Amino acid sequence: MIRLESVEVVFGRGGPDERRVLDSLTLAVPRGQHVSVIGSNGAGKTTLLNAIAGSVPLESGRILIDGADQSRFPEWKRARYVGRVRQDPLAGTAGDMTVLDNLALASRKGPRRLRIAVPSRLRRELRDRLAELGMGLEDRLRENVNRLSGGQRQALTLLMASISRPAVLLLDEHTAALDPRNAELVSGLTRRFVGEYGLTALAVTHDMRRAIDEGDRLIMMHEGTVVADVAGDVKKGLTVERLVDLFRRTRGGDYAEDRDLLS
Ligand SMILES: Nc1ncnc2c1ncn2[C@@H]1O[C@H](COP(=O)(O)OP(=O)(O)OP(=O)(O)O)[C@@H](O)[C@H]1O
Ligand SMILES: [Mg+2]
């Protein structure tokens, strides 16, 4: 369970460009829930993920992961609870290390790390996990990651972020830089890992169709706070049109560009 209680993030405190980027944001995500996060540019989506990961300090409020207050812990201390995949396929892996070494490092992280001491057994286990990606990486264990395609690299990053079953998986437009086929592949893997590993996931996307189709719950952010929160049948019954309409109403006006703003 992830709990954010009245979380505030302010950039440029006291300066001419002071900005309240998260504003009294309260959100509880039960264990195993897959949440899609949408909202216009600058709404605070990445900052929300940064706040959970500990990459930005809180002005006030608390963040609890599985009941423990993480608010004052630095990013490196929270890393064992947090898996993260960013938009850039180059961001999550070490390009000058091999596929096997990248994954082996990730598998040793966190409270539920793989406890396999025998190198040959670990190697077999990791090879099997790589084979599940369906991208042929199990035959490229000794190749450096910078030889992989963007889609392969992002699939590997997702596996690395998920393998130790972190308390929360943070996905920031992680398929946006991929071609449609690879985006579909990585999305499918995401659904699978979240389901099979029982992960709690927050997935930011500008793809409203995907936000409706994927996950158990959808939240819409605007100006640093959650302005819509739907789950269950209401979410299933959503259409892109209704989502745009919801956004229009929360903004309190009628803007022709609403659809463009969200997407
Ligand atoms: N480190 C920072 N210092 C100052 N301002 C920042 C910082 N990080 C983000 N901001 C500002 O905070 C606001 C929210 O940014 P954020 O990246 O969270 O938006 P977002 O919802 O992820 O947008 P996008 O859809 O474009 O990725 C923006 O106005 C941004 O310029
Ligand atoms: Mg962002």
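Start at 1 and go down the list; that is how both ligands and their atoms are numbered. From a predicted model like this one, the values you see are computed outputs, not experimental measurements. Values below: every heavy atom of this structure, side chains too, minus hydrogens, waters and symmetry copies.
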* Is the closest side-chain heavy-atom distance between F193 and L169 below 4.5 Å? ->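 Contact flag for F193/L169 side chains = no.
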* Minimum side-chain heavy-atom gap L171-L158 below 4.5 Å ->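 Contact flag for L171/L158 side chains = yes.
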* Taking only heavy atoms of G44 into account, list the atoms of ligand 1 that are under 4.0 Å away from them. =>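 Here the atoms of ligand 1 in question are 14 (C), 18 (O), 19 (O), 20 (P), 21 (O).
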* Asked: Do protein heavy atoms approach atom 3 (N) of ligand 1 to less than 4.0 Å?
  ->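 At least one protein heavy atom is under 4.0 Å away.
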* To do: Using non-hydrogen atoms of the residue, decide whether G39 is closer than 4.0 angstrom to ligand 1.
  =>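 Distance cut 4.0 Å: G39 fails for ligand 1.
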* Non-hydrogen atom of S40 closer than 4.0 Å to ligand 1 ->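 The answer is yes, since S40 has a heavy atom less than 4.0 Å from ligand 1.
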Can a salt bridge be assigned to the pair [X] and [Y] using a cut-off of 4.0 Å between side-chain N and carboxylate O?
X: R124; Y: D128; answer: no
X: E241; Y: R248; answer: no
X: D66; Y: R31; answer: yes
X: R242; Y: D245; answer: no
X: D172; Y: K45; answer: no
X: R121; Y: E125; answer: no

* Hey, looking at atom 22 (O) of ligand 1, which of L49, T46, N50 has the closest heavy atom? ->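 Answer by nearest heavy atom: T46.
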* Closest by any non-hydrogen atom to atom 14 (C) of ligand 1: pick that one out of N41, I38, D17, V21. =>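 Selected option, by shortest heavy-atom distance: V21.
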* Asked: Are there any protein N/O/S atoms under 2.8 Å from the Mg ion (ligand 2), and if so, which?
  ->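 Atoms qualifying: T46 OG1.
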* Check the pair E184 / R210 against salt bridge (charged side-chain N to carboxylate O under 4.0 Å, His left out), numbers first and verdict last. => CA-CA 10 Å; E184 205 39 63; R210 217 182 268 289; 3.6 Å; yes
* Asked: Considering residues at least two apart in sequence or located in another chain, which fulfil the ring-ring contact (aromatic ring centres under 6.0 Å, His included) criterion with Y81?
  ->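 Y81 satisfies ring-ring contact (aromatic ring centres under 6.0 Å, His included) with no residue once adjacent residues are dropped.
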If you have a sec, work out which protein heavy atom is nearest [atom] and how many Å separate them, to one decimal?
atom: atom 15 (O) of ligand 1; answer: T47 OG1, 3.8 Å
atom: atom 31 (O) of ligand 1; answer: R19 NH1, 5.0 Å
atom: atom 27 (O) of ligand 1; answer: E173 OE2, 3.6 Å
atom: atom 28 (C) of ligand 1; answer: G42 CA, 4.0 Å

* Using only heavy-atom distances, determine whether the side chains of H174 and T190 contain a donor-acceptor pair under 3.5 Å. =>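 Side-chain D/A pair, H174 to T190: present.
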* To do: Check the pair L100 / R123 against side-chain contact (heavy atoms from CB on, under 4.5 Å), numbers first and verdict last.
  => CA-CA 8 Å; L100 185 62; R123 190 188 151 102; 3.9 Å; yes
* **Which segment of M221 sits under 4.0 Å of ligand 1 when only heavy atoms are counted** =>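 No part of M221 comes within reach of ligand 1.
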* Should F11 be counted as touching ligand 1, given the test is an N or O pair under 3.5 Å? ->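 Looking only at distances, the answer is no, because the N/O contact criterion of under 3.5 Å is not met.
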